Amino acid sequence: MNILYYKGFLIISLLVLFTFSCNENKEVSENQHEFIRYDKLLFSIDTSKTESQFSDIYQKYPTFTDIYFDKVMNFHNYDSLNTEFYHGLNSFVSDSLNIELFKLVNSEYGYLSDIETDFNSAYNKLKTYFPDITKPKIYTFISIFNYQGFLFDDKDTDGIGIGLDMFLGDKFPYSNLASSNNEFSNYLIRTYNKDHLLKNIGAMA
């Protein structure tokens, strides 16, 4: 799957560079990024009202929702949004292991103040050099260890998706997944933490 776009990759790469250059002197940006906690939206769904609540989410964030369910999670029957899809969505958000993973993510990323500060200060600095750039929207999600992140066209701006379950550091034993996936080698998982989040997202192409 190739969700990444050159324009978005250029923007996030520049944000990474400016973030590291601003770390010692962070500025508060007047142009705050919009952070959408998509993971929280999904796991707050009342399974007795799944269809209506999912519809509300879709109306607000249609592009990300399409990518998340169709490409990231490969949800069966997502294109039809039929009874089988909603049954699968109910199972996903009520699965005990998924709920535990969400709780773990939320314990590490209940507040995104540090990440928001990094993005905002970097963007504020970048804007002085490239005044025409648009501010990307940032979505957080849980992929059940499939994706760290991706960039995409989000209507009239760029979107950045961040898989928070891939940045839990020593709070999750990623090495246990190494036998079935080379992405969880000891060399790679040393960067699956909050300190490397922005850098790892920017390195994707």
Side-chain angles (χ1 to χ4, degrees), residues 1 3-4 8 12 32-116 119 136-155 157-169 171-174 177 181 183-184 192-194 197-198 200-201 204:
M1 179 188 62
I3 304 174
L4 291 149
I12 191 63
Q32 299 293 304
H33 283 81
E34 182 178 356
F35 278 78
I36 297 101
R37 289 301 304 265
Y38 200 85
D39 50 319
K40 287 188 175 182
L41 290 175
L42 285 188
F43 282 90
S44 66
I45 285 178
D46 180 343
T47 54
S48 69
K49 304 175 182 178
T50 303
E51 189 168 344
S52 62
Q53 293 189 359
F54 176 80
S55 178
D56 290 341
I57 293 172
Y58 185 83
Q59 288 179 16
K60 290 180 180 178
Y61 312 112
T63 304
F64 182 84
T65 299
D66 284 342
I67 292 173
Y68 179 76
F69 283 99
D70 187 39
K71 304 297 185 182
V72 175
M73 300 305 298
N74 292 311
F75 249 70
H76 185 56
N77 278 348
Y78 172 68
D79 57 343
S80 61
L81 295 181
N82 60 14
T83 301
E84 188 174 353
F85 165 75
Y86 289 113
H87 177 73
L89 179 55
N90 278 347
S91 297
F92 178 75
V93 300
S94 59
D95 180 87
S96 59
L97 293 178
N98 293 345
I99 291 173
E100 286 305 309
L101 179 59
F102 169 69
K103 288 180 178 178
L104 188 60
V105 165
N106 204 40
S107 70
E108 181 72 358
Y109 294 99
Y111 300 96
L112 297 177
S113 55
D114 290 345
I115 297 171
E116 289 177 6
F119 269 100
K137 292 182 180 179
I138 301 166
Y139 298 78
T140 64
F141 63 93
I142 292 175
S143 70
I144 318 300
F145 312 113
N146 287 320
Y147 283 89
Q148 283 195 330
F150 55 84
L151 304 161
F152 63 101
D153 287 332
D154 192 12
K155 293 185 177 181
T157 187
D158 295 293
I160 302 172
I162 301 175
L164 293 180
D165 54 324
M166 292 292 287
F167 295 98
L168 291 172
K171 289 193 174 182
F172 185 84
Y174 292 109
L177 306 174
N181 193 329
E183 294 297 319
F184 298 99
Y192 292 179
N193 54 57
K194 187 180 293 187
L197 187 153
L198 184 55
N200 282 12
I201 297 296
M204 295 177 183

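These figures come from a predicted structure and were not determined experimentally.
Judged as a ring pair (Phe, Tyr, Trp, His ring centres under 6.0 Å), and not counting sequence neighbours, the contacts of Phe145 are Phe172. Residues that satisfy the side chain to side chain donor-acceptor pair (under 3.5 Å) test with Ser80, not counting sequence neighbours, are Asn82. Partners of Asp154 by side chain to side chain donor-acceptor pair (under 3.5 Å), not counting sequence neighbours, listed by chain and number: Tyr139. Every residue two or more places apart in sequence or in another chain that forms a side chain to side chain donor-acceptor pair (under 3.5 Å) with Gln59 is listed here: Ser55.
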Throw together a table of side-chain donor-acceptor distances under 3.5 angstrom for residues 37-44, partners on residues two or more places apart or in other chains.
from: Arg37; atom 1: NE; to: Asp39; atom 2: OD1; distance (Å): 3.1
from: Arg37; atom 1: NE; to: Thr140; atom 2: OG1; distance (Å): 2.9
from: Arg37; atom 1: NH1; to: Tyr109; atom 2: O; distance (Å): 2.6
from: Arg37; atom 1: NH2; to: Asp39; atom 2: OD2; distance (Å): 2.7
from: Tyr38; atom 1: OH; to: Thr65; atom 2: OG1; distance (Å): 2.7
from: Asp39; atom 1: OD1; to: Thr140; atom 2: OG1; distance (Å): 2.7
from: Lys40; atom 1: NZ; to: Gly110; atom 2: O; distance (Å): 3.4
from: Ser44; atom 1: OG; to: Lys40; atom 2: O; distance (Å): 3.0
from: Ser44; atom 1: OG; to: Leu41; atom 2: O; distance (Å): 2.9

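Among all heavy-atom pairs drawn from Tyr192 and Met166, the shortest one is CB-O, 3.3 Å. Smallest separation of non-hydrogen atoms from Gln53 and Ile45: OE1-CA, 3.3 Å.
The backbone N or O of Ser143 lies less than 3.5 Å from a partner atom in the side chain of Asn146, making a donor-acceptor pair. The closest donor-acceptor contact from the side chain of Asp165 to the backbone of Ile142 lies at 3.5 Å or more, if one exists at all.
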**OP:** For Leu168 and Leu101, run side chain to side chain contact (heavy atoms under 4.5 Å, CB included): C-alpha distance rounded to whole Å, both residues' side-chain angles, the deciding distance at 0.1 Å, then the answer.
**Re:** CA-CA 10 Å; Leu168 291 172; Leu101 179 59; 4.1 Å; yes
Subject >> Pair Tyr58-Leu81, side chain to side chain contact (heavy atoms under 4.5 Å, CB included): steps then yes or no >> reply: CA-CA 11 Å; Tyr58 185 83; Leu81 295 181; 5.7 Å; no
Original post:
Would Tyr174 and Glu183 satisfy side chain to side chain contact (heavy atoms under 4.5 Å, CB included), going step by step from the backbone distance to the final call?
Top reply: CA-CA 9 Å; Tyr174 292 109; Glu183 294 297 319; over 6 Å; no
**OP:** In sequence, state the C-alpha distance, the side-chain angles, and the governing distance for Lys71 and Tyr147, and then conclude on side chain to side chain contact (heavy atoms under 4.5 Å, CB included).
**Re:** CA-CA 10 Å; Lys71 304 297 185 182; Tyr147 283 89; 5.8 Å; no
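Identified under the salt bridge (charged side-chain N to carboxylate O under 4.0 Å, His left out) test for residues 74-87, with sequence neighbours left out: none.
Ring centroid separation for the pair Phe69 and Phe85 comes in under the 6.0 Å cut-off.
You'll find the side chain of Lys194 stays beyond 4.5 Å of the side chain of Phe167, heavy atoms only. Counting heavy atoms from C-beta on, the side chains of Leu164 and Glu108 never come closer than 4.5 Å.
In this structure, NZ on Lys155 lies 13.0 Å from CG on Asp153, to the nearest 0.5 angstrom. Between the CG atom in Asp158 and the NZ atom in Lys137 there is a gap of 11.5 Å [rounded to 0.5 Å]. In this structure, CZ in Phe92 is found 13.0 Å from OG1 in Thr50, a value given to the nearest 0.5 Å. Note that the CG atom of Leu89 and the CD1 atom of Ile57 stand 8.0 Å from one another [nearest 0.5 Å]. A distance of 8.0 Å separates CG in Asn90 from NE2 in His87, rounded to the nearest 0.5 Å. The structure places CG of Asp66 at 11.0 Å from CZ of Phe64, a figure rounded to the nearest 0.5 Å.
Using cut-offs of 30° and 60° on the angle between ring planes, the pair Phe152 and Phe150 is tilted.
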